[in-house]
Amino acid sequence: MADYESLHRQCRTLESLFDGKLTSYSRLASTITRNQDDIEAGGTRERWKDVEGEVEDLLEKLRETNDELLALSNNPDIPPSQSMSRAIQRHREVYQDCAKELRRTKANFQHALDRANLLSGVRNDIEAYKSSAADSLLAERGRIDSSHQIADQILDQAYESRAEFSRQSMSLTSINARMTGVISTMPGINDLLSMIKSRRRRDSIILGILIGICLLLLISYMSR
């Protein structure tokens with residue numbers, strides 16, 4: 001009788017402890033389902049494993065205690081009373097309900113865990129794509145800025161060349177104006193230049209006549 005009372009109290013204690021620990025275990029699943037946070041970073045996986053181990057240990061102890069009660073009820077030397085049989089049967093049903101509830105909670109938890117991991121992976125892929133796209137845009141912008149700098153340098157060189165040409169043109173115009181001014185202030189130079197041109201024309205005419213006479217003499221000589 002003392003053995004039955006001890007096992008009976010032990011069953012009730014284990015059932016109460018299991019119920020409280022299973023509630024904590026269920027809250028973890030609800031937290032993941034609501035927050036969908038990064039499980040590895042948040043340490044949820046470690047807490048889950050710890051609580052799951054504690055719940056499974058309590059369930060195993062409850063099973064062992066129920067087996068002892070069942071063996072006690074089957075002892076022909078000490079047959080149990082009707083109230084004891086009902087209590088033993090009730091403990092067995094509670095144990096079965098606890099095992100079923102643990103399986104259901106574990107399945108729900110695993111589902112929430114898989115979903116959270118999936119969403120975390122998708123979120124990481126999106127962040128990686130955004131980072132890659134941003135890097136590509138920055139690189140493209142850098143190439144465009146470099147092209148703009150090269151174009152600016154070419155334009156600056158073109159403007160500088162045009163300015164140099166303008167300065168040279170102005171210098172030549174100034175020199176030409178000074179030469180014209182010098183010539184206009186010295187009338188004798190114009191006469192000298194005219195005489196030089198006339199002498200060149202005369203020399204050209206004389207040279208042409210001499211060449212013609214030589215050709216005629218050569219032709220006359222060859223025709224003999």
Side-chain angles (χ1 to χ4, degrees), residues 1-140:
M1 202 65 167
D3 289 338
Y4 166 76
E5 292 295 338
S6 176
L7 292 173
H8 177 63
R9 287 194 299 270
Q10 187 174 350
C11 273
R12 293 176 64 91
T13 301
L14 289 172
E15 289 167 359
S16 177
L17 291 174
F18 178 88
D19 184 64
K21 192 61 66 175
L22 186 64
T23 300
S24 299
Y25 186 72
S26 300
R27 287 200 190 100
L28 281 176
S30 300
T31 300
I32 292 178
T33 304
R34 287 195 308 270
N35 297 337
Q36 301 296 339
D37 56 352
D38 188 341
I39 294 172
E40 296 293 344
T44 307
R45 184 184 294 274
E46 287 73 16
R47 295 199 304 274
W48 163 47
K49 286 297 184 182
D50 292 341
V51 176
E52 185 179 66
E54 293 173 1
V55 173
E56 289 176 345
D57 288 343
L58 288 172
L59 185 65
E60 178 62 21
K61 291 179 180 178
L62 186 60
R63 183 192 65 78
E64 292 174 355
T65 306
N66 272 272
D67 289 344
E68 292 180 20
L69 279 174
L70 183 61
L72 183 63
S73 66
N74 292 330
N75 187 355
D77 296 333
I78 308 176
S81 64
Q82 189 174 5
S83 60
M84 290 171 56
S85 298
R86 285 196 300 268
I88 292 172
Q89 180 62 31
R90 177 58 184 163
H91 285 309
R92 174 62 59 176
E93 292 173 354
V94 170
Y95 164 75
Q96 292 174 351
D97 290 341
C98 288
K100 184 185 299 183
E101 185 65 21
L102 178 59
R103 288 194 299 270
R104 186 186 68 81
T105 303
K106 288 175 66 175
N108 292 339
F109 193 99
Q110 188 62 46
H111 176 72
L113 188 66
D114 293 341
R115 183 180 179 187
N117 285 330
L118 177 61
L119 291 178
S120 178
V122 171
R123 186 165 57 248
N124 291 336
D125 290 341
I126 293 174
E127 293 297 329
Y129 173 77
K130 288 182 178 179
S131 178
S132 176
D135 291 341
S136 298
L137 290 175
L138 289 175
E140 184 64 24

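We use all heavy atoms of the structure for the numbers below, so side chains are in, but hydrogens, waters and symmetry mates are not.
For the pair N74 and L70, the minimum side-chain heavy-atom distance is below 4.5 Å. For the pair Q110/D114, a side-chain contact is recorded, criterion being any heavy-atom separation below 4.5 Å from C-beta on. By the 4.5 Å heavy-atom criterion applied to side chains, D3 and S6 are not counted as neighbours. A 4.5 Å side-chain heavy-atom check between Q82 and S85 finds every atom pair outside the cut-off. No side-chain heavy atom of T65 sits under 4.5 Å from any side-chain heavy atom of Y95.
Here the CG atom belonging to D19 is positioned 12.5 Å from the CG atom belonging to L14, to the nearest 0.5 angstrom. Rounding to the nearest 0.5 angstrom, the gap separating the CG atom in L102 from the OH atom in Y25 is 6.5 Å. Rounding to the nearest 0.5 angstrom, the gap separating the NE2 atom in H91 from the CZ atom in R86 is 13.0 Å. Within the model, atoms CG of L69 and CD1 of I88 stand 5.0 Å from one another, a figure rounded to the nearest 0.5 Å. R12 CZ to Q10 CD: the interatomic distance, rounded to the nearest 0.5 Å, is 13.5 Å. Atom CG in D57 sits 10.5 Å away from atom CD in E52 (nearest 0.5 Å).
Of the charged side-chain nitrogens involved, none lies within less than 4.0 Å of a carboxylate oxygen, so that K61 and E64 do not count as a salt-bridged pair. Ionic pairing of R90 and E15 is not present here: no N-O contact between side-chain nitrogen and carboxylate oxygen is shorter than 4.0 angstrom. Between D67 and R92 there is a salt bridge, since a side-chain N of the basic residue sits under 4.0 Å from a carboxylate O of the acidic one.
Taking each heavy atom of S24 and V51 in turn, the nearest pair found is C-CG1, 4.5 Å. Nearest heavy atoms, Y4 versus S83: OH-O, 4.5 Å.
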*Could you walk me through whether C11 and H8 pass the side-chain contact (heavy atoms from CB on, under 4.5 Å) test, one step at a time?*
CA-CA 5 Å; C11 273; H8 177 63; 5.6 Å; no

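Tested against S26 for a side-chain contact (heavy atoms from CB on, under 4.5 Å), the candidates T105, V55, N108 yield a single pass: T105.
A donor-acceptor pair under 3.5 Å is formed between the side chain of T13 and the backbone N or O of R9.
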